[in-house]
Amino acid sequence: MKVRDLMTPEPVTVAPETPVAQVIALLVSQGVNGVPVVDASGALLGVVTSGDLIHRLADERLEPHASLWRESFYRSVFSAAHRDAPDPAEGATAAQVMSRDTVCVAPEDDMVVAARLLIAHGVKSLPVLEAGRLVGMISRMDLLRCLHAHPDCCNPLKKTD
């Protein structure tokens, strides 16, 4: 089965200048874990996920001095490649908190490709791009719905009689 058969077409999106509070409200009201950030032409710029936004809660909960060394260590070691990027806990707009290194699939890709990318990159959904424009989203839940509706379609260990 192809990604186009399982994806959510025309997903809810936000503009780069959308305030973070509005993005959070959208994620909660839509019951989704992420939302694509697109420009006026529909080109994908990034994705804001619940993981990007949870930094706000984590930073508020840090003890003032108890984890200073640990926090400094993690920031110096793990964020060396993104020193110029704004801190997700401090961003005010979708563009400032979004993940830019987004893994994508095409509508004509097989669902196996989507499943492998979801697993390999530890993400919950993937943007679907066609000619550089966002045309849909495919999630773990979309793949599970397919597996539920067609339990024998994707099982490579299925015994044939």
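Side chains are part of it too, since the values below use all heavy atoms of this structure and drop only hydrogens, waters and symmetry mates.
- When every heavy atom of P107 is checked against every heavy atom of V128, the shortest pair comes out as N-CG1, 3.5 Å.
- Across A15 and V37, no two heavy atoms sit closer than the pair C-CG1, 4.0 Å.
- Residues L27 and T49 come closest through the heavy atom pair CD1-C, 4.4 Å.
- Note: the hydrophobic cluster containing L45 does not contain V38 (ILVMFWY, side chain heavy atoms under 4.5 Å, direct or indirect links).
- Two residues are said to be in side-chain contact when any heavy atoms from C-beta on lie closer than 4.5 Å; L129 and L44 meet this criterion.
- For the atom pair L117 CG and D109 CG, the distance stands at 8.0 Å (nearest 0.5 Å).
- A donor-acceptor pair under 3.5 Å links the side-chain atoms of Q96 to the main chain of A92, judged by distance alone.
- Listed here is the closest heavy atom pair of S41 and R133: O-NE, 2.6 Å.
- When hydrophobic clusters are built by joining Ile, Leu, Val, Met, Phe, Trp and Tyr residues whose side-chain heavy atoms come closer than 4.5 Å, directly or via intermediates, V103 is grouped together with V135.
- G122 and R140 make their closest contact through C-NH2, 3.9 Å (heavy atoms, listed as atom of the first residue, atom of the second, distance).
- Put simply, CZ on R116 and CG on D110 are 8.5 Å apart, with the number rounded to the nearest 0.5 Å.
- A side-chain donor from one of S99 and D52 sits under 3.5 Å from a side-chain acceptor of the other.
- Closest approach of S125 to M137, counting heavy atoms only: OG-CE, 3.4 Å.
- Residues M98 and V23 are not in side-chain contact: their nearest non-hydrogen atoms beyond the backbone lie 4.5 Å or more apart.
- Note that the CD atom of Q22 and the CD atom of E17 stand 10.0 Å from one another [nearest 0.5 Å].
- The structure places CG of D142 at 11.5 Å from CG of D5, a figure rounded to the nearest 0.5 Å.
- Among T93, V48, V97, the one residue that satisfies the side chain to side chain contact (heavy atoms under 4.5 Å, CB included) test with V20 is V97.
- More than 12 non-hydrogen atoms from other residues, nucleotides or ligands lie less than 6.0 angstrom from CE of M1.
- S29 places a side-chain N or O within donor-acceptor distance of the main-chain N or O of A25, the cut-off being under 3.5 Å.
- Side-chain contact between I24 and L53 is present, with at least one heavy-atom pair separated by less than 4.5 Å.
- Proximity of a side-chain donor or acceptor of D39 to a complementary backbone N or O of G42 within less than 3.5 Å is detected.
- You'll find the side chain of P36 stays beyond 4.5 Å of the side chain of P127, heavy atoms only.
- Looking at L134, V123, T102 one by one, the single match for side chain to side chain contact (heavy atoms under 4.5 Å, CB included) with V47 turns out to be T102.
- To the nearest 0.5 Å, atoms CG (L118) and CD1 (I138) are separated by 7.5 Å.
- Inter-residue side-chain proximity for M111 and K2 is flagged as unmet; no heavy-atom pair is nearer than 4.5 Å.
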